[in-house]
Amino acid sequence: YHMKVSDEDVALLLACPSSHNISDLSDLTFSPRSLPHEEMACYTLLMFEDLGLHVLFNIKRETLARFILFVKKGYRDTPYHNWRHAFCTVHFAFLLIKNLDLVKHEYITPLECLAFMVSCACHDLDHRGTTNSFQTQSGTVLANLYSSDGSVMERHHFAQAVCMLNTQGCNILDGIPREQYTKCLDLIRDLILATDLATHFTVFKEQQKLLVEFQKHKEDQRRLLLCLFMTACDLSDQTKDWSVARQTANLIYKEFFTQGDMEKTMGSSPSESMDRDRAYIPTLQIQFLDNIVIPLYGLISQLFPEAECLVEACKLNREGWTVADTLFSAQWDRGGYELLSDP
Ligand SMILES: Cc1nc2ccc(C(=O)NCC(C)C)cc2n2c(-c3cc(OC(C)(C)C)ccc3Cl)nnc12
Ligand SMILES: [Mg+2]
Ligand SMILES: [Zn+2]
């Protein structure tokens with residue numbers, strides 16, 4: 001298992017020349033999907049260092065580099081839930097921390113900042129491109145392990161994160177005093193579990209109460225805010241321009257339809273979103289934006305006015321889908337699906 005990341009890989013990453021400097025990446029509109037695949041590990045290292053986390057928690061640069069490379073290898077080559085998605089998620093956390101000045105204004109503590117960045121990197125580790133209900137319905141090993149507690153995939157992602165941290169030479173938390181280490185791991189667990197869509201709705205009601213008057217000194221309120229930020233990071237492609245939002249939908253439905261095909265072969269009938277013969281993507285995306293994405297960034301922008309541009313970007317993408325809808329329905333019977341693929 002250890003041979004997955006060689007000392008040469010680590011040395012290469014430590015010497016990584018980056019074509020942009022980190023300030024180019026710090027704007028809320030910057031799209032991390034525009035960066036070359038082979039530079040993502042390097043930018044992950046640079047983001048952690050830019051936040052000064054290695055100094056605060058005396059993390060050796062070599063340990064951080066090895067951890068990042070292990071996390072990168074911990075993702076499978078699925079259309080959407082891959083290392084690039086994890087990188088985009090970490091990048092958006094970086095954007096929130098920098099642009100909302102979260103640590104400076106004491107919305108989160110430095111330890112919470114570290115847990116937030118690590119949770120984003122690890123939040124979809126070893127994803128197979130299938131949903132929680134697919135695990136349970138097809139009785140996978142992961143379902144046997146976790147289905148009694150729900151959030152099957154998210155519990156697996158957390159278990160994988162713990163496994164990474166316990167790998168020799170990768171434990172970026174081993175420089176932290178015992179009681180802070182436990183608190184950090186507990187927070188990583190909550191933050192990764194927060195990315196289960198099924199629990200999002202219940203928690204979101206709680207988070208809306210935060211709006212009334214947010215008390216920074218209350219740890220449970222900061223934890224709710226961090227869970228809100230986790231879903232915002234997970235969905236951050238929706239805050240970029242139309243070409244990114246459309247391409248992401250393309251990748252997600254590639255995964256969904258593959259799962260639907262598998263479910264058909266297994267004799268069970270897939271839900272509409274998973275069924276390539278029934279799903280109409282523009283309508284599904286407009287519903288997703290209206291029901292989940294826009295309310296989420298809307299709540300964040302009520303707490304942080306500087307995040308208003310994120311809501312505007314999501315609304316523009318919603319417009320994109322209404323235009324696609326008119327185009328699609330005009331061409332739909334003639335296989336308008338190709339419209340989704342890149343020109
Ligand atoms: C563009 C976009 N469309 C989506 C459309 C539908 C769904 C979906 O899961 N529908 C239910 C199933 C049973 C059919 C998710 C979508 N999605 C996500 C996403 C969000 C997640 O959960 C949080 C982060 C908590 C919201 C968790 C996983 C994913 Cl893939 N990310 N981007 C998207
Ligand atoms: Mg996930
Ligand atoms: Zn994700």
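If you read the sequence from its start, that first residue is 1, and numbering goes on from there. Remember, it's 1-based here, ligands and their atoms both numbered in the order they're listed. Remember, predicted model here, so these are calculated numbers, not experimental data.
Atoms of ligand 1 lying under 4.0 Å from any heavy atom of T231, numbered from 1 in the order shown and given with element: 25 (C). The contact set between ligand 1 and Q238, taken as ligand atoms under 4.0 Å from a residue heavy atom, comprises 1 (C). Within the listing of ligand 1, atoms 30 (Cl) sit less than 4.0 angstrom from a heavy atom of H81. The atoms of ligand 1 that sit less than 4.0 Å from any heavy atom of D234 are 24 (C). Counting atoms of ligand 1 from 1 in the listed order, those under 4.0 Å from a heavy atom of F256 are 6 (C), 7 (C), 8 (C), 9 (O).
A donor-acceptor contact under 3.5 angstrom links the side chains of S6 and D9, judged on distance only.
Protein atoms of type N, O or S found under 2.8 Å from the Mg ion (ligand 2) total 1.
When heavy-atom distances to ligand 1 are checked against a 4.0 Å cut-off, D237 has no atom that comes that close, whether in backbone or side chain.
Between the Zn ion (ligand 3) and H123 there is an N/O/S contact shorter than 2.8 Å. Put simply, H81 stays out of reach of the Zn ion (ligand 3), with no N, O or S atom under 2.8 Å from it.
In this structure, R178 is positioned above the aromatic face of Y181, its NZ or CZ under 6.0 Å from the six-membered ring centre and within 45° of the axis.
Between the K216 side chain and the H105 main chain, a donor and an acceptor come within less than 3.5 Å of each other.
Around atom 10 (N) of ligand 1, the closest heavy atom drawn from L197, T131, L289 belongs to L197.
Its N, O or S atom nearest to the Zn ion (ligand 3) is what matters here, and for D124 that atom is OD2.
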